[in-house]
Amino acid sequence: MATAVEIAAMRRALELSAARLGTSNPNPTVGAVVLDVSGKVVGEGVTQPVGGDHAEVVALQAAGDRARGGVIVVTLEPCAHTGRSQRCTEVIQGAGVARVVYGLSDPNPVAAGGGEQLVAVGVDVESGVLAAEAALVLGPWVAAAGRDRAHLTWKYAATLDGRTAAADGSSQWITGELARADVHRLRAEADAVLVGIGTVLADDPQLTARDWPASRQPLRVVVDSDGRTPLDSRVLDKSATTLIAVCDDAPDDRIDALRQAGVEVAVLERSNGHADLAELLTLLRQRDVFVAFLEGGATLAASFLRSGLVDRLIGYYAPALLGSGPAALGDIGIESIGESLRLTTIDVTRLGEDIRITAVPASDNQPNGRN
Ligand SMILES: NC(=O)c1ccc[n+]([C@@H]2O[C@H](COP(=O)([O-])OP(=O)(O)OC[C@H]3O[C@@H](n4cnc5c(N)ncnc54)[C@H](OP(=O)(O)O)[C@@H]3O)[C@@H](O)[C@H]2O)c1
């Protein structure tokens, strides 16, 4: 069983990891803390941008000889493969560490098995330590690493009665500054930010991470079956890379015009009248988008939900009422209360006057959104 000192070290490792999310794609942003034989912290590390060292290596280098006979506490199972950097299991063994404590297992087929390899060479290994807390930080990356599509979080901001705009269409600003800054943090942590063409036409968003020290901008993705995105949209400016997902029967002149404007166009199958969303998430994962952030609107979010493709929801609720105006979510095919899509709340945080609720679909829901 993990000791109190090891659990405190795991909390610190998670803190290190959370503070740098979005900086090490395609690698997970892992945190690591090294304890010497007496339980004193002698090294800390976080995964460096691609091509740089993994968290374990950084922490062990900081610890030097003091790691011998000690413990390394890591948020994710140490990797067991040699990619751009050295295998973490070998580095740990070489440092003479006696015990490895980690939070989540690595499902990535090319890197998994590190825990077993360490046990095989006589290292004491304990897994699953603060796993629920670790999942809040690294869960999206881990989910995407174990399958062929990106992890998707749908975010929305609404009044307490679930409206995202007033009846006249005005919607800025429903939530306060802290909630808005939090959205920019989540954009910075994501590998891609997605919106529907309806949101581009209505709001002309730039979709960049501002109000937050982002080390790079996420890929901006507009789901736009017929390539209607206006060429002067802010989402096409040069501040970040943009991908427009169109259908295979979209007008050629629109596709050409978008490409000539320097935009990447992904051609997807048409499914139920629109771009195929499962194909889109698979395509994104193929280009190393592990963590995707859907920012609306209600129509596209409903389609993702109906397809069972939303992994996590983040709702920002402002203490205001509108009574009329568009709802946060479009039709998801539910007709009676017994069919409602049940969620499990995993976090509730107050941000100034607003409330952020993070939830995941309950495990007993069927993929089509019905119980
Ligand atoms: N408060 C918030 O959090 C928030 C966030 C975002 C937006 N909004 C508001 O929401 C409004 C826009 O929402 P919206 O519902 O009209 O637009 P939307 O959801 O952004 O876009 C809908 C469009 O996406 C396209 N699309 C492509 N593939 C699709 C698929 N598989 N399923 C469904 N749609 C697909 C469709 O047009 P094609 O068939 O032509 O592709 C569809 O009309 C704006 O007023 C905006 O202010 C609020």
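This is a predicted model, so every value here is computed, not measured. Both ligands and their constituent atoms are indexed starting at 1 by order of listing. When a residue number appears, it is its place in the shown sequence, counting from 1.
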*What's the shortest distance from atom 13 (O) of ligand 1 to any protein heavy atom, and which residue and atom give it?*
Gly297 CA, 3.6 Å
*Sequence-distant partners of Tyr317, ring pair (Phe, Tyr, Trp, His ring centres under 6.0 Å), two or more places apart*: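 Ring pair (Phe, Tyr, Trp, His ring centres under 6.0 Å) list for Tyr317, sorted by chain: Tyr156.
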Heavy atom of [X], distance to ligand 1 below 4.0 Å:
| X | value |
| --- | --- |
| Val195 | no |
| Ala165 | no |
| Ala157 | yes |

*Part of Leu277 with heavy atoms under 4.0 Å of ligand 1, whether side chain, backbone, both or neither*: side chain
*Is atom CG of Asp253 surrounded by more than 12 heavy atoms (other residues, nucleotides or ligands) closer than 6.0 Å?*
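Yes.
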*Could Arg11 and Glu15 be called an ion pair, given the rule that one side-chain N must be under 4.0 Å from one carboxylate O?*
no
*Any Lys/Arg nitrogen of Asp237 or Arg220 sitting under 4.0 Å from an Asp/Glu carboxylate oxygen of the other?*
yes
*asked:* Could you tell me, atom by atom, which parts of ligand 1 come under 4.0 Å of a heavy atom of Thr164?
replied: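 Answer, ordered by atom number: 1 (N).
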_I need the atoms of ligand 1 closer than 4.0 Å to a non-hydrogen atom of Asp224, numbered in the order shown._
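Under 4.0 Å from Asp224, ligand 1 has these atoms: 41 (O).
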*Which pairs count as side chain to side chain donor-acceptor pair (under 3.5 Å) when at least one residue sits in residues 170-179, sequence neighbours excluded?*
Asp168-Ser170
